[in-house]
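Since the structure comes first, as structure tokens, the remarks are kept for the end.
The chains referred to below are lettered A, B, ... by the order of the sequence lines, with proteins before strands, and numbering in each begins at 1. Just so you know, these numbers come straight off a predicted model, no measurement behind them. Atom set for the values below is all heavy atoms of this structure, side chains included, hydrogens, waters and symmetry mates excluded.
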Number of protein chains: 2
Amino acid sequence: MKKYEVISSEMRQRIKERQYPADQPIPDEITLAKEFQCSRMTMKRGLDILVTEGLLYRKRGHGTFIVKSAFQNSRVNVASNESLGLTNLLKDKVITSNVITFEVKFPNPEVAARLAIDISTPVYDLVRLRLVDGEPYVIEKTFMPASLIPGLNDEVLQGSVYKYITHELGLTIAGSHRKIRACKSEELDQKHLFCKDDDPILEVEQVGYLNNGVPFEYSFSRHRYDKFEVTSVHLNK
Amino acid sequence: MKKYEVISSEMRQRIKERQYPADQPIPDEITLAKEFQCSRMTMKRGLDILVTEGLLYRKRGHGTFIVKSAFQNSRVNVASNESLGLTNLLKDKVITSNVITFEVKFPNPEVAARLAIDISTPVYDLVRLRLVDGEPYVIEKTFMPASLIPGLNDEVLQGSVYKYITHELGLTIAGSHRKIRACKSEELDQKHLFCKDDDPILEVEQVGYLNNGVPFEYSFSRHRYDKFEVTSVHLNK
DNA sequence: TAGTGGTCTAGACCACACC
DNA sequence: GTGTGGTCTAGACCACTAG
């Protein structure tokens, strides 16, 4: 484990356990660096992580302080909870999938553009209903370049495609661009999510990227409005 | 201007202008450090910014590469576009505000908890209709500790509260926690946003924090479903 | 003036990928 | 082995805050 990760973990633990008074600065970087037997740069890097997580803030010429109410609610580490894929989001629940459609076809120009491929490059066109503890949760419409994700089959689709991509194919997912919007429910939503005509839908449009910058999925996730919300942390600059 | 900012700006410009072949790694960090007459650490820090922006990616043992389709659409710098406040989001539009209600009152327990204050600490309770180029756009319900934002008046409310907080009060906004959801429209929405009974609403619940960790606003922004979507960039780890 | 965090340096060794 | 990025060091100077 990297030294700066050891430092951030240890310091996170100390803050959680109230080992530092909340109304005073924590020890300065040089003192902490001595204690952790590292350079000041490495100490700073460890603390940077906690600043990004919203646990600490710094005042130049003054010191480093614990954020008020850092642990008052359970929203700590929200940033790191923002993982890709439903399976990652709900680790203690049982996720199952009903495959509604699963085809290989040529993409339309819109899909091709999002995936940065030609319209003559075949894509998977996949619609799944995801259930959490047996309850309908979200409809996912997904397009993926077929050549990028070889061997996708029904067995994989019952489980986690992300796990297949990362564990079986050895690819690394870098991140995604998302658009979140509200829209009216359609017939497919009403049928599978058991929602009414006038129930809204929370739709997340997403392009997922591998760590080589190649888009690997273009998807629309349609959620019941009363069962889902997106949580995010925004930091200026 | 800091050296690593100069470096990231210059490199961003070069990538935009296609000065480096898209299918090859850019020069290695040591070479670039020599060219910019800086240490490798500083060079790396400058490039880190472009990696975060999604313009570059690195492969250990291989090199640093330009992300495919980094500039194919206009979604570059989305991360930095994610600014707080409507006025920042739409710089070339005319934003006006109709103040629907503006009171000072004691917060209910929920609001007090979000703002990390006592229920005996007065808050502004503010509802505004924001118009873009004269067209109804969003209803914002906002709670702010009155003592934190002194001098809030009708003139300020016509314009940008964020500008008032940062420019007039000299406070620094660090970031926010957001929840995004779809919900059904209410009477207030229908009246001011001119939406129908069965039109969905995109609601953004937000707690805004100053750079000292103090929450300064708790707000609900209710958007017409056909006029707004939230865009975000997610990076793993 | 003393103490803090912000930046920057000039090196070092390591992990990984390609040859 | 060679070259790349990832980490880490032991210092240095600067900017800001407080007494």
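Taking atom CD1 of Ile7(A) as the reference point, atom P of dT7(D) lies 13 Å away to the nearest angstrom. To the nearest angstrom, P of dC8(D) lies 12 Å from CE of Met43(A). Atom CD of Gln37(B) is separated from atom P of dT9(C) by 10 Å (rounded to the nearest Å). Atom CZ in Phe36(A) sits about 13 Å away from atom P in dC8(D), given to the nearest Å. To the nearest angstrom, P of dC18(C) lies 16 Å from CG of Asp28(B). Look at CD on Gln24(A): it is 15 Å from C1' on dT4(C), rounded to the nearest Å. Atom P of nucleotide dT4(D) and atom CG of Leu47(B) are separated by 14 Å, given to the nearest angstrom. In this structure, Asp48(A) places its CG atom 11 Å from C1' of dG5(C), rounding to the nearest Å.
Of the side-chain N and O atoms in Lys44(B), one or more sit less than 4.0 angstrom from OP1 or OP2 of dG6(D). Taking only side-chain nitrogens and oxygens, Lys3(B) never comes nearer than 4.0 Å to OP1 or OP2 of dC8(C). Between Tyr4(A) and dT7(D) there is a side-chain polar atom (N or O) within less than 4.0 angstrom of OP1 or OP2.
For the atom pair OH (Tyr4(B)) and CG (Leu47(B)), the distance works out to 14.0 Å, reported to the nearest 0.5 Å.
Comparing the helix axis at one end of the helix from dT1(C)-dA18(D) to dC18(C)-dG1(D) with that at the other, each defined from 5 consecutive pairs, gives an inter-axis angle of 10° (nearest 10°).
Neither side chain, Asp118(B) nor Thr121(B), offers a donor N or O lying under 3.5 Å from an acceptor on the other. Tyr164(A) and Glu155(A) share no donor-acceptor pair across their side chains, judged by distance under 3.5 Å alone.
Closest approach of Met144(A) to Ile165(A), counting heavy atoms only: SD-CD1, 4.4 Å. Contact between Pro215(B) and Pro145(B) at its shortest, heavy atoms only, is O-CG, 4.1 Å.
Note on ring orientation: taking the six-membered ring where Trp is involved, the planes of Phe65(B) and Tyr57(B) are parallel (angle under 30°, cut-offs 30° and 60°).
Taking the ring centroids of Phe220(A) and Tyr218(A), they lie under the 6.0 Å cut-off.
Nearest to the side-chain atoms of Thr64(A) among the listed nucleotides dT9(D), dT7(C), dG5(C) stands dG5(C).
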Worksheet item: Reading nucleotides 10-19 of chain D from the 5' end, what letters show protein touch, with B for base, S for backbone sugar-phosphate only, - for no heavy atom under 4.0 Å?
Response: B-B--BBB--

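Of the options Glu140(B), Glu203(B), Glu205(B), Arg130(B), a side-chain contact (heavy atoms from CB on, under 4.5 Å) to Ser221(B) is made by Glu140(B) and by none of the others.
Of the possible donor and acceptor atoms, one in the side chain of Arg128(A) sits under 3.5 Å from a partner among the backbone N and O of Leu157(A).
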